[in-house]
Amino acid sequence: MNVALWVVQGLLAAAFLLGGLLKATQPREKLAGNMPWVQDFSASQVKAIGAVEALAAVGLILPAVTGVLPVLTPLAAAGLVITMIVAAIVHARRGEYPGIAVNVVLLVLAAFVAWGRFGPHAF
């Protein structure tokens, strides 16, 4: 189970680091082509969302690897669960139903990590 949790943590970290850095560094207008939901948010809000995602990605890996405050790993996963709930709500309001499917998959993976690292497979 520990190996499965590490694999999921790595996949989630890669996805959210790439997505977060993209949102944090690209202009909103450039993102609007592939992410039409950004039109509902200001440029600074999109950058903040990207920063939160990138920090959560780091939080999924770094505390566990270094052994410094490893409780931050399941907290980062729980934060991503909340982020994906809000993202699914945004997509539902906009009628972007395929986006909800992606949010649900990421939510389930993050919930798995939070459950495993808070519970029976903590560090």
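Since we're looking at a predicted model, the values are computed, not measured.
Here the closest heavy-atom approach between residue Gln9 and residue Ala64 is recorded as NE2-CB, 4.5 Å. Of all the heavy atoms in Ala76 and Ala56, the pair that sits closest is CB-O, 3.7 Å. The two residues Leu21 and Thr25 come nearest to each other via the heavy atoms O-OG1, 2.6 Å. Shown here for Ala24 and Ala51, the closest heavy-atom pair between the two residues is CB-N, 4.2 Å. Contact between Ala57 and Ala13 at its shortest, heavy atoms only, is CB-O, 3.3 Å. Between Val113 and Ala77, the shortest heavy-atom contact is CG1-CB, 3.8 Å.
Using a 4.5 Å heavy-atom cutoff, the side chains of Val38 and Met35 are in contact. A 4.5 Å side-chain heavy-atom check between Pro74 and Trp115 finds every atom pair outside the cut-off. In this structure, the side chains of Val46 and Gln26 stay at 4.5 Å or more apart for every pair of heavy atoms.
With hydrogens and angles disregarded, no donor-acceptor distance shorter than 3.5 Å links the side chain of Arg28 to the backbone of Gln45. Thr73 contributes no side-chain N or O that, together with a main-chain N or O of Ile61, makes up a donor-acceptor pair within less than 3.5 Å.
In this structure, Arg117 satisfies the cation-pi test against Trp6, with its NZ or CZ atom closer than 6.0 Å to the six-membered ring centre and inside 45 degrees of the ring normal.
Note that CD of Glu96 and CG of Asn103 are 10.0 Å apart. Values are rounded to the nearest 0.5 Å. Remark: Leu55 CG to Leu72 CG distance equals 11.5 Å, nearest 0.5 Å.
A single hydrophobic cluster is not seen to contain both Val86 and Met84; linkage of ILVMFWY side chains at heavy-atom distances under 4.5 Å, directly or through other members, places them apart. Two different hydrophobic clusters hold Ile82 and Val102 under the rule that ILVMFWY side chains link at heavy-atom gaps under 4.5 Å. Val52 and Ile49 are assigned to two separate hydrophobic clusters, defined by single-linkage of ILVMFWY side chains at heavy-atom distances under 4.5 Å. Residues Val105 and Val8 share a hydrophobic cluster, clusters being chains of Ile/Leu/Val/Met/Phe/Trp/Tyr side chains in contact below 4.5 Å. Placement of Leu109 and Val81 within a single hydrophobic cluster is found when ILVMFWY residues are connected by side-chain heavy-atom separations under 4.5 Å, directly or transitively.
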Verify side-chain contact (heavy atoms from CB on, under 4.5 Å) between Lys23 and Lys47, making sure each step is shown before the conclusion.
-> CA-CA 6 Å; Lys23 292 175 192 108; Lys47 290 191 184 310; over 6 Å; no

Step-by-step side-chain contact (heavy atoms from CB on, under 4.5 Å) determination, His91 to Trp37 | CA-CA 7 Å; His91 286 301; Trp37 60 266; 3.6 Å; yes

Apply side-chain contact (heavy atoms from CB on, under 4.5 Å) to the pair Phe123 and Val71, showing each step before the final yes or no.
-> CA-CA 8 Å; Phe123 298 106; Val71 72; over 6 Å; no

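Exactly one residue among Leu107, Leu60, Leu106 makes a side chain to side chain contact (heavy atoms under 4.5 Å, CB included) with Leu80. That residue is Leu60.
Annotation: ring-ring contact (aromatic ring centres under 6.0 Å, His included) contacts involving residues 45-85, sequence neighbours excluded, are absent.
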